[in-house]
Amino acid sequence: MSGRGEVRVDRVVVDAGQTDTAMARRLREQTAEQEIAVEPPRVSDYRDGKRILHLDRKRGTVLHDCASMDERYRCCNVKVLGTVSNCPYECSYCFLQNYLTDTTLSVVADTPAILAEVKEAAERQPWRLWRIGTWELGDSLALETLSGAAGELVDVVARLPNVVLELKTKSADVAGLLGRVHGGRTVVSWTLNPEAVVKREELRTASIDERIAVMARVAADGYPVALHFDPMIHYPEWQSGYAELVAALFAAIDPAQVAWISIGSLRFNPEMRKVMAQNYPGSRATWAEMVLGDDNKVRYVKPLRLEMYRHLRHLLQGAGADQALIYLCMERWDVWERVLGRAPESRQHLDYEFARSLADRFPQFSQPVPFLPSYLEDG
Amino acid sequence: MAVVHGMLTLKSADINYGHSELCFEAYGRDRSREALVQASVRACGVLVPLVVHRRGDAWQLVDGRVRLAALQDDAADLPAIALEETLSALHLVLAIGALRAGELRCAVDQARFVAFAAALGVGDADLVERLLPLLGIGEHPRLVRRCLAVTALPEAVLRFCAAKQFSMKQCVRLTQHSAELLHLLFAQADNLALSASIVEELAEGFTQLIRVRESTAAQLFSDPEVQALLTAPGTPHSRVQALRDWLRVEVFPQLSRINAELQAVCADLAVDSRVQLQWDRTLENREVRASFVARTPEEWRQVVRSLQADGVDQGVHRLLELL
C-alpha cells in the first residue's frame with residue numbers, strides 16, 4: 001500500500017495506437033513493463049481498477065459541459081475535458097464509486113487530438129473565456145508523475161488567448177508544473193477540508209499541510225490558484241476546523257493570487273449512502289441531517305448548509321480573500337442570496353461573472369473583454 | 001483422487017456427531033423432510049449410509065445428523081461411507097457442499113458455508129476462485145470478507161434472515177449496524193412487521209439516532225417513548241408506521257423544529273379556514289403555496305378578504321424567512 005498522496009499502480013496498459021505518444025514514452029522510462037492492448041482492460045470492482053493505469057486513445061468528443069445542469073441550482077458553466085477516468089485516491093464521498101462501470105485508471109494519451117478539440121471550440125466562440133477543467137471523473141494531478149498529461153495541456157493553453165485551464169487536485173504532485181511557460185493561464189486548484197476530515201474521509205490524499213505547501217510553491221511560480229471548499233463536511237468541531245484551515249491557507253498564500261473560491265456541501269445520489277457505508281465504514285460524513293433535493297441529490301438540511309457557508313464566508317472575509325470570485329456550487333438561488341448577498345440569474349450569468357472577475361484582477365485575462373449579453377445569449 | 005475411502009459399519013458411539021466440526025447445519029434446511037427421515041429411522045433403522053471422515057482417533061460425522069438423532073437403538077450397526085483421510089480441505093468442503101447442495105439456498109447459509117470452509121482451512125484463493133463461484137456469490141476477496149461479516153451477525157438475526165430469505169446484499173447491509181442494535185430490534189419481531197426493507201429502514205433510523213444523540217442502542221430501546229411505541233395497541237404494521245414517524249422527527253431535529261415553527265406561524269394567521277398553506281417539509285424550496293376551493297362568488301370574496309387581513313403579510317413574510 002502506498003502512503004498518503006503517493007500513487008502506485010500494479011499494471012500499465014497502453015492502447016495499441018498510443019505507444020508512440022509522449023505519455024507512453026514517459027511512462028516507459030518509469031515502468032519497464034507495459035501491456036499493449038487493443039481494447040480497454042475493463043474492471044468493474046471500484047478498488048481493483050485503481051491499480052491499473054490505462055493510456056487510452058481519444059474516443060469521440062472529450063470537451064463537454066459540467067454535468068450539473070439543473071436550472072433550480074446555480075452552476076458555473078465550466079467545461080470539462082473527459083480525459084481522466086477514476087482516481088487513485090479513496091474519498092469516502094466520491095461519486096465515482098457508484099458511477100463508473102469501468103474503474104480502470106484511464107488517461108487519454110493523445111494530447112494533440114484533445115488540444116485540437118479545445119482549440120476548435122475556443123475559436124468557434126472567440127468572444128468568451130473558456131474555463132476548462134480536467135477533473136470531472138478524476139483528479140487533475142494525482143497521476144501527473146506517471147502521465148505528465150497536465151503539463152502537456154499547460155504548455156499549449158499558455159498560447160490560447162481565450163482559455164483558462166483549471167487543474168483541480170487533492171495531491172501534492174506539482175513538480176511537473178513548476179518552471180513551465182504557463183503564461184498564468186492555468187489555474188491550479190485544491191479541494192480543501194480540515195485535516196480531521198481529510199484523515200477520515202479523503203483517504204490516501206495529500207495532507208492539508210502538504211497541499212498548502214505545494215500551493216505556495218505553485219503560486220510562487222506565477223500560477224493563479226483556486227480554492228474549493230467543496231464538499232464541506234459537517235463534524236462536531238467543524239467551526240474551529242475550517243477556521244484553522246483558512247488561517248493556515250492565508251498564512252501561506254496571498255489572497256491576490258486566488259482566482260476563485262468555491263463553496264459547496266456534501267451531496268450525492270440517494271443510493272450512494274449505502275455504497276459509502278459499505279466501502280468506507282469509518283466515514284462520518286453523512287451523520288448530520290440530510291434531505292433529498294429536487295435534483296435527486298441528498299444534502300445537509302438547508303439551515304445547516306447556511307450556517308456552514310456563512311461561517312466560511314465570514315472566515316474568508318476576515319482573511320481578506322473576498323476580492324476573489326466566491327461562488328456556491330450546485331446551490332439554490334435563495335442560499336446564494338442569504339450567504340453571498342447575490343444570486344446569478346443563470347449559469348451563463350455566473351460564467352460571465354468569472355470572466356469579469358478574472359479580467360479585472362489578472363491582466364492575462366483582460367482580453368477578450370467580457371460582454372454580458374453575449375454570455376446570456378449563449379444557451 | 002478418490003474421495004471415498006470405503007464402506008464401514010459403525011456404532012453410534014464410534015461417531016463424534018454432537019460437536020463434529022465437519023457437520024454443516026443449514027438454517028434453511030427442509031424441516032418436513034427431516035421429520036420423514038426421523039420417522040423412517042425409528043421404523044426401519046438407518047437405510048441410507050452416513051458419511052464420516054477420520055480425524056485423529058475419531059470418526060467425525062459429515063452427513064447424517066438427523067438420522068443419528070432419531071436412532072433409538074444405540075447398539076445398531078450403522079452403514080457409513082468414509083471419506084478419504086488425505087482429502088485436502090478444499091476437496092473435503094466440496095464433498096460436504098455436494099451433500100448439502102439442496103440446503104444452501106439462502107444467502108445466510110451460503111455465507112455460513114463460506115465461513116465453515118474458511119474454518120476448515122480452505123485458503124483465501126480457493127475460497128474466492130473455487131467456492132464462491134460454485135455458490136453463485138461472485139468472485140472477489142471482498143465477498144469472502146462480506147460473508148464472514150454476515151456470519152458474525154447475532155444468531156437470532158441470521159435465523160430470521162434465513163427464514164425470510166434475505167438477499168446477500170440485505171444481509172451485508174445489516175452488518176453496518178451494531179450487534180446490540182440488531183439484537184434489540186429483532187427481539188421485537190413479534191411486535192413489528194419486519195421485512196427486509198423495514199428492518200433496513202428502522203435499523204438505519206436507529207443507527208442515525210444513536211449517532212445524533214451519542215447514545216447506545218440499549219439506552220434508546222429503554223427510552224419510555226420507544227417502549228410505548230413498541231408495545232402500543234394495534235397491529236405490527238401500525239406500530240412500524242408509528243416508529244417510522246417518530247424516528248423521522250428524532251433523526252431530523254432541525255427540520256422538525258423549523259417545521260413546528262412554521263406550523264405555529266400558520267396557526268396564528270387569521271386566514272379563512274378554507275385556505276391551505278403548504279411548504280416543502282424538507283425546507284429546500286423557499287416558497288409558500290396557498291390553495292383554496294370556492295364554490296360561490298361570496299366564498300371567493302370571503303377567502304380573498306381573509307388573505308388581506310391584518311397580520312397575514314407579516315405572517316407570510318415570517319414563513320418565508322424560516323424557509
Side-chain angles (χ1 to χ4, degrees), chain A residues 43-51 70-73 92 97 103 234-236 265 267 270-271 273-308 330-339 343, chain B residues 128 138-143 145-146 149-150 167-178 196-197 200-201 203-205 207-215 247-262 279-288 319-323:
Chain A
V43 176
S44 59
D45 181 82
Y46 175 59
R47 286 199 173 96
D48 287 353
K50 290 174 180 282
R51 310 303 288 264
D70 191 310
E71 291 296 336
R72 287 166 294 192
Y73 297 81
S92 63
Q97 62 194 305
T103 64
H234 185 270
Y235 68 107
S265 69
R267 55 198 176 274
E271 60 269 27
R273 197 174 212 150
K274 284 172 184 147
V275 178
M276 284 170 71
Q278 203 157 291
N279 288 340
Y280 302 99
S283 169
R284 292 184 180 179
T286 63
W287 281 25
E289 284 178 74
M290 302 188 94
V291 289
L292 186 64
D294 290 328
D295 58 351
N296 197 38
K297 286 193 167 50
V298 176
R299 292 175 172 80
Y300 295 135
V301 291
K302 199 158 73 178
L304 187 54
R305 301 206 304 275
L306 285 170
E307 192 187 353
M308 293 172 77
M330 292 176 77
E331 270 300 354
R332 293 169 177 277
W333 65 271
D334 60 305
V335 176
W336 270 84
E337 286 191 346
R338 282 192 264 186
V339 176
Chain B
V128 174
E139 197 177 329
H140 195 279
R142 190 169 303 128
L143 298 171
R145 291 196 292 275
R146 285 180 185 169
V150 166
S167 70
M168 186 65 82
K169 216 177 224 178
Q170 288 164 334
C171 294
V172 170
R173 282 179 191 150
L174 290 182
T175 66
Q176 289 151 19
H177 304 289
S178 76
S197 60
E200 203 173 321
E201 185 187 339
E204 218 156 290
T207 298
Q208 186 80 358
L209 192 52
I210 288 165
R211 289 168 183 160
V212 171
R213 290 188 177 180
E214 295 183 356
S215 163
L247 276 169
R248 197 169 299 133
V249 171
E250 295 298 314
V251 170
F252 295 99
Q254 290 205 59
L255 285 191
S256 305
R257 181 179 54 76
I258 294 172
N259 274 306
E261 273 186 65
L262 288 160
W279 61 89
D280 172 6
R281 298 259 157 184
T282 70
L283 310 182
E284 280 298 292
N285 287 289
R286 192 185 196 188
E287 59 191 28
V288 176
L319 289 176
L320 289 169
E321 253 180 6
L322 286 167
L323 281 165

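Just so we're clear, the structure is a prediction, and the values are computed from it rather than from any experiment. Residue numbers start from 1 in every chain, and the chains themselves are labelled A, B, ... in the order their sequence lines are given, proteins ahead of strands.
Of the listed residues (M290(A), K274(A), R299(A)), the one with the most heavy-atom contacts under 4.5 Å to chain B is K274(A). Of the listed residues D334(A), D45(A), D48(A), L304(A), the one with more heavy-atom pairs under 4.5 angstrom with chain B than any other is D45(A).
If you measure heavy-atom distances from D295(A) to chain B, you find no contacts under 4.5 Å at all. Only the backbone of L323(B) comes within less than 4.5 Å of a heavy atom of chain A; no side-chain atom from C-beta onward does. When heavy atoms are compared at a cutoff of 4.5 Å, R305(A) approaches chain B solely by way of its side chain, counted from C-beta outward. Heavy-atom distances place both the backbone and the side chain of N285(B) under 4.5 Å from chain A. Only the side chain of Q176(B) comes within less than 4.5 Å of a heavy atom in chain A; its backbone stays farther off.
Ion pair K297(A)/E284(B) not flagged as a salt bridge, since none of the NZ, NE, NH1 or NH2 atoms sits closer than 4.0 Å to an Asp/Glu carboxylate oxygen.
Every side chain to side chain donor-acceptor pair (under 3.5 Å) that W279(B) has, sequence neighbours left out, goes to N259(B).
Contact check for P253(B) versus E289(A): side-chain heavy atoms found under the 4.5 Å cut-off.
Here the closest heavy-atom approach between residue L255(B) and residue V291(A) is recorded as CD1-CG1, 3.3 Å. Minimum heavy-atom separation, Q208(B) to A288(A): NE2-O, 3.5 Å.
To the nearest 0.5 Å, atoms NZ (K302(A)) and CD1 (I258(B)) are separated by 9.5 Å.
Environment of CD in E214(B): sparse, with no more than 12 heavy atoms of neighbouring residues, nucleotides or ligands closer than 6.0 Å.
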Report the C-alpha separation of R146(B) and Q278(A) in whole Å, then their side-chain angles, then the decisive distance to 0.1 Å, and conclude whether the side chain to side chain contact (heavy atoms under 4.5 Å, CB included) test is met. CA-CA 10 Å; R146(B) 285 180 185 169; Q278(A) 203 157 291; 3.2 Å; yes
